[in-house]
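To keep things clear, I will list the structure first and then write my remarks on it.
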Amino acid sequence: MVDVTSQVSVQTAAAAKPSARRYYVLGLLTIIYALNFLDRTIFNVLIEPIKKEFQLSDTMMGLLAGFGFALFYSLLGIPIARVADRLNRRNIVAVAFAFWSAMTALCGAATSVTSLALARIGVGIGESAGSPASQSIVADLFAKNERPRALGIYAIGTYLGVFLGYFVGGYVNQHYGWRMAFYVAGLPGILLALVLWLTISEPKRGAMQESFVPEPLGPTLRFLASQQSFIIVLIGFCLTTYTNYATAAWIPPFLARVHHLSSAEIGTYAGTFKGLAGMAGTLLGGFVVAQVSRRDDRWKLWAPAITSGLAGPVFALCMLTQDFAMMVAMLALTSFLVGFHLGPIFAIAQTVAKPSMRALASALIALTATCFGQGVGPLAVGMVNDALKGSYGTDAVRYSLLSAAVTTTLGALLFVWAARSIRNDIGRAAA
């Protein structure tokens, strides 16, 4: 039986003593997560020039933006996360970060669609090791009720990376070409990986729990499968992640084809109104849920359900309006609403899993969602673009993106369902 008094004292001491240090670690990991998304997002703003140079279809561009990255990211993420539940997570993040940064730079050296696809696969392989180990580190620095806030801060890396990817990609492509954009995105990460290696240390595993007992893979998977909220959240997050990745990939072509913006203008509008609004929503989501869920753990999922449900009709209006100002406003609001749920969902994976399972739980959530969201989302929209092109021309992308309004609404309904079992599942993880 867990000694509650002892556990609270351990958490209090662990939280109070290294306060400044743990926020430095959180900040550095957030920057690395942002560069993770910069390196995967910059491809999206370069879809049009790459498509033109290699004479590719939207379906092929969807494959490169989606499964070209997501397949190996998902296949390797689980075994790497299992290693992260046993070995030094700081080292894993540093090596992976340097590798995916180098692969991003190599995208700029591609001489064919094959070499570009191989470099994208390399980015996916490297990035598969980054987030699960990072989230596990964060979970060992912050107690249960702090995690939505801490992982909300961490999750702003998603939209900070989108913001930087659009801006860097749009500006550098217009003035120096798409190849240089990949070099600028990738090379700085190699230096920052060295900073991570030299300036942070591995935290004590399970520091926010009374004890830490490693468990074999079979019992770990059985326990996570028995956590009903975890399974339902995983499915719901797949659907909302479809919305995130489908829009991330095809909003730049949408702005180019429907609203006739230049590359630099796309970077400005998409970066500002999708990236910054998403950052605001993600940061606010973590702080709001950390407060409202103190009295009732179900708010950890009720709040994300509300905002994700509102995002569906807002994004439909964004796609269908003919007014440019209205489109931009609805794009910003959609990004704010969808971004709100990221930190709380990351926290769920860390909170309904035992300490020995956190990297694996994070990997199952992130990698399954990425495989579906980034793998299926850009590809499905690209295929529908090609199918509708004969009837709607450049407006085809407007209608194919409506699928993203549907998926975020369905994801919201699943979050409501998962909230019914969240309190029981948290108790089982802490037992």
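Owing to the predicted nature of the structure, the values given are computational and were not obtained by experimental measurement.
Counting heavy atoms of neighbouring residues, nucleotides and ligands inside a 6.0 Å radius, atom CE of M327 exceeds 12 of them. Around the OH atom of Y176, the shell of radius 6.0 Å holds no more than 12 heavy atoms that belong to other residues, nucleotides or ligands. Heavy-atom contacts from other residues, nucleotides or ligands closer than 6.0 Å to OH of Y269 number 12 or fewer. By the neighbour-count criterion of 12 heavy atoms within 6.0 Å, atom NZ of K51 is densely surrounded, having more than that number from other residues, nucleotides or ligands. Atom OH of Y392 has 12 or fewer neighbouring heavy atoms from other residues, nucleotides or ligands inside a 6.0 Å radius.
Annotation: side chain of V381 is in contact with side chain of Y242 (closest heavy-atom distance under 4.5 Å). By the 4.5 Å heavy-atom criterion applied to side chains, K389 and D386 are counted as neighbours. Here the side chains of N244 and L342 are in contact, with some heavy-atom distance below 4.5 Å. Contact of the H341 side chain with the P344 side chain is not registered, since no non-hydrogen atoms from C-beta on lie closer than 4.5 Å. In this structure, L320 and Y399 have side chains that are in contact, with non-hydrogen atoms separated by less than 4.5 Å. Side-chain contact between M319 and F254: present, with at least one pair of heavy atoms (C-beta onward) separated by less than 4.5 Å. The shortest distance between side-chain heavy atoms of L301 and I345 falls below 4.5 Å. Proximity of V45 to F167: side-chain heavy atoms (C-beta onward) are nowhere separated by under 4.5 Å.
In this structure, CG in N385 is found 10.5 Å from OG1 in T394, a value given to the nearest 0.5 Å. Here the OG atom belonging to S400 is positioned 7.5 Å from the CH2 atom belonging to W250, to the nearest 0.5 angstrom. Y23 contributes atom OH, which lies 16.0 Å from atom CG of L28 (distance to the nearest 0.5 angstrom). Interatomic distance, R89 CZ to I200 CD1, rounded to the nearest 0.5 Å: 9.5 Å. If you take CZ on F99 and OG1 on T104, they are separated by 10.0 Å, rounding to the nearest 0.5 Å. Separating the CG atom in L29 from the CD1 atom in I137 is a distance of 5.5 Å, to the nearest 0.5 Å.
With hydrogens and angles disregarded, no donor-acceptor distance shorter than 3.5 Å links the side chain of R149 to the backbone of A290. Checked by atom type and distance alone, the side chain of T368 never pairs as donor or acceptor with a backbone atom of I365 at under 3.5 Å. Put simply, the side chain of R90 never gets that close to the backbone of P203: no donor and acceptor are under 3.5 Å apart. Remark: the backbone N or O of L317 is not paired with any side-chain donor or acceptor of T321 at under 3.5 angstrom. Under the 3.5 Å distance criterion, the side-chain polar atoms of T30 are left unmatched by any main-chain donor or acceptor of G157. Side chain of Q228 to main chain of S421: no donor-acceptor pair is present (N/O by atom type, distance under 3.5 Å, no hydrogens or angles). Judged by distance alone, with hydrogens and angles left aside, the side-chain atoms of Q374 form a donor-acceptor pair with the main-chain N or O of A65 at under 3.5 Å.
Stacking of K274 on the aromatic ring of Y166 is not recorded, the 6.0 Å distance cut-off and the 45° axial limit not both being met.
Judged as a salt bridge (charged side-chain N to carboxylate O under 4.0 Å, His left out), the pairs with a partner in residues 232-257 (not counting sequence neighbours) are, in order, E48-R257, D58-R257.
For F37 and F163, the ring centers are positioned 6.0 Å apart or more.
No side-chain donor from either of S131 and E127 sits under 3.5 Å from a side-chain acceptor of the other.
Scanning all heavy atoms of the two residues, the minimum distance from A349 to A361 falls at O-CB, 3.4 Å. Minimum heavy-atom separation, V93 to G130: CG2-O, 3.8 Å. For the pair T282 and G152, the tightest heavy-atom approach, listed with the atom from each and the gap, is CG2-O, 3.5 Å. Residue F372 comes nearest to C238 through the heavy atom pair CD2-O, 3.3 Å, listed as atom of the first residue, atom of the second, then distance. Shown here for V233 and F415, the closest heavy-atom pair between the two residues is O-CE2, 4.0 Å. When all heavy atoms of F315 and A404 are compared, the closest pair comes out as CE2-CB, 3.8 Å.
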TODO: For side chain to side chain donor-acceptor pair (under 3.5 Å), just list the numbers for N44 and Y245, CA-CA rounded to whole Å, side-chain angles, deciding distance to a tenth of an Å, and then say yes or no.
DONE: CA-CA 10 Å; N44 301 333; Y245 283 116; over 6 Å; no
- [ ] Applying side-chain contact (heavy atoms from CB on, under 4.5 Å), run through Q227 and M357 and close with a yes or a no.
- [x] CA-CA 13 Å; Q227 296 285 73; M357 306 172 181; over 6 Å; no
Task: Derivation of the side-chain contact (heavy atoms from CB on, under 4.5 Å) call for E53 and I50 - done: CA-CA 5 Å; E53 177 164 333; I50 293 172; 6.0 Å; no
- [ ] Take V95 and W197 through the test side-chain contact (heavy atoms from CB on, under 4.5 Å) and record every step on the way to the result.
- [x] CA-CA 9 Å; V95 172; W197 186 287; 3.9 Å; yes
TODO: Go through the steps to decide whether V352 and K300 satisfy the test side-chain contact (heavy atoms from CB on, under 4.5 Å), and finish with yes or no.
DONE: CA-CA 12 Å; V352 301; K300 288 179 168 65; over 6 Å; no
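Using bins of under 30°, 30° to 60° and over 60° for the plane-to-plane angle, the ring pair F182/W178 lands in the perpendicular bin. Under the 30°/60° scheme for interplanar angles, the aromatic rings of W299 and W302 are found to stand perpendicular.
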